[in-house]
There are 2 protein chains.
Amino acid sequence: MTDRHDLGAAFGRLTRAMVEAEEPILRRHDLEMWDYVLLSALESAAAPTQAELAATVRRDKTRIIPLLDSLEERRLLSRTPDPADRRNRIVALTDTGRAVLRDARAEIRRMEAGYLASIPAGERKVFLDVLDRLAAAAG
Amino acid sequence: MTDRHDLGAAFGRLTRAMVEAEEPILRRHDLEMWDYVLLSALESAAAPTQAELAATVRRDKTRIIPLLDSLEERRLLSRTPDPADRRNRIVALTDTGRAVLRDARAEIRRMEAGYLASIPAGERKVFLDVLDRLAAAAG
DNA sequence: TATTGTTATACTCTATAACTATA
DNA sequence: TATAGTTATAGAGTATAACAATA
């Protein structure tokens, strides 16, 4: 009940600020934001189907297809038919894709560190900790 | 360089979660999200021009016009020509608009409190404090 | 001539609905 | 018949450009 901003407004502003700050970094790596989101989603494990991948990044399955086309053409990921059910296509990072993702992310992490530099270390740790817990809960 | 999520991804998820959680509340008060954003922007002071109001909420001046039309028709705000320069229209909350804003915000604050209830009070305070500082810096 | 608010037009993005190939 | 992927169509949302009123 304090006089602070709405959470939604605060998160919204920070989302926009991060998107703007990431944009030039991603462009240096020839990635659109959604390319990066897709590559990130594939980092821990390959997606067994495109539909599942679409669900995890919360976009329609029809809308990631041009992105996958582009990423596959640039050899950042592979689409291989599932032998057990050839309707499915298993989407996985290539070594190149993993390297590009690692490099882009390293730059983004440096940008983020600069962005949070004015926050004292103790508070920053708590902030990032709570943020990650909330984000995980938000699915 | 830890294994945490990107800030952008974390903020993005939480933004979406808040928008979804606010949606039913706002609907109970017959407000769209952008209605609420506009009313909130007018809370501290009236906007001297529509263009300035559009800039503060980061939308095109042409796009807030239908929203202002609707809010004005419902007597939640007023548009009065500036006597000093009759091209300008001063946009201000009405008493009704202020009351609706207050009620909606109170409900949103309760929702937010529930959303953060699992975070220990000490961490929660730090989190909200840092969040508000970052959001303010993000403009 | 320049600017505010407004309206109209064009464009992009998103959602929905067909189509194919497998099962 | 049902489902994954794809393509095509329709609709919503957004940006740009023209217009009227005032300065």
In whole angstroms, the gap separating C1' of dT7(D) from CD1 of Ile64(A) amounts to 15 Å
By side chain to side chain contact (heavy atoms under 4.5 Å, CB included), Ala136(B) pairs with (sequence neighbours left out) none
Any side-chain heavy-atom pair of Glu23(A) and Met33(A) under 4.5 Å = no
To the nearest angstrom, the CG-P distance between Leu67(B) and dG5(C) comes to 15 Å
Taken in chain and number order and not counting sequence neighbours, the residues that satisfy side-chain hydrogen bond (donor to acceptor under 3.5 Å, both in side chains) with Arg28(B) are Glu107(B)
Is Asp60(A) reaching over with its side chain to a backbone N or O of Thr62(A), donor-acceptor style, under 3.5 angstrom?
-> yes
Roughly, in whole Å, what's the span from CG in Leu68(B) to C1' in dT6(C)?
-> 12 Å
Specify the residues of residues 78-87 of chain B, ordered by number, for which at least one heavy atom lies under 4.0 angstrom from an atom of DNA chain C.
-> Arg79(B), Arg87(B)
For residues 96-130 of chain A, the ring pair (Phe, Tyr, Trp, His ring centres under 6.0 Å) pairs (sequence neighbours left out) are Phe127(A)-Phe127(B)
So how far is it from Glu32(B) CD to Leu38(B) CG, rounded to the nearest 0.5 Å?
-> 11.5 Å
Identify, with sequence neighbours excluded, every residue that meets side-chain hydrogen bond (donor to acceptor under 3.5 Å, both in side chains) alongside Glu43(A).
-> Arg105(A)
Atom pairs and distances, side-chain donor-acceptor, residues 75-83 of chain A, under 3.5 Å, sequence neighbours left out:
residue, atom, partner, partner atom, Å
Arg79(A), NE, Glu72(A), OE1, 3.2
Arg79(A), NH1, Gln50(A), OE1, 3.1
Arg79(A), NH2, Asp69(A), OD1, 2.3
Arg79(A), NH2, Glu72(A), OE1, 3.2
Asp82(A), OD1, Ala84(A), N, 2.9

In chain order, what residues pass the side chain to side chain contact (heavy atoms under 4.5 Å, CB included) check against Glu123(B), with sequence neighbours excluded?
-> Val126(A), Asp129(A), Val130(A), Arg133(A), Ile119(B), Pro120(B)
Select base, sugar-phosphate, or nothing to describe what Asn88(B) touches, counting heavy atoms under 4.0 Å on all strands.
-> sugar-phosphate
Residues passing the side-chain hydrogen bond (donor to acceptor under 3.5 Å, both in side chains) test with Arg102(A), sequence neighbours excluded, are none
Value in whole Å for how far the P atom of dT4(C) lies from CD1 of Ile90(B) = 14 Å
Heavy atom of residues 41-59 of chain B under 4.0 Å from DNA chain D: which residues?
-> Arg59(B)
Can you tell me how far CE of Met111(B) sits from CG of Asp6(A), rounded to the nearest 0.5 angstrom?
-> 8.0 Å
Stretch residues 21-33 of chain B: residues that reach within less than 4.0 Å of DNA chain C through a heavy atom = none
Take atom CH2 of Trp34(B) and atom P of dG13(D), then tell me their distance rounded to the nearest Å.
-> 13 Å
Polar atom pairs (N or O), protein with nucleotides 17-19 of chain D, under 3.5 Å:
none

Starting at atom CZ of Arg89(A), determine the distance to atom C1' of dT22(C), rounded to an integer number of angstrom.
-> 12 Å
Whole-Å distance, Ile65(B) CD1 to dG13(D) P, equals 17 Å
Between the side chains of His29(A) and Asp103(A), does any donor sit under 3.5 Å from an acceptor?
-> no
Could you list the residues that satisfy side chain to side chain contact (heavy atoms under 4.5 Å, CB included) with Asp30(B), not counting sequence neighbours?
-> Arg74(B)
In whole Å, what is the span from the CD atom of Glu72(B) to the P atom of dG5(C)?
-> 13 Å
Is there a side-chain contact (heavy atoms from CB on, under 4.5 Å) between Arg58(A) and Arg13(B) once you walk through the steps?
-> CA-CA 10 Å; Arg58(A) 311 222 177 214; Arg13(B) 282 189 200 186; over 6 Å; no
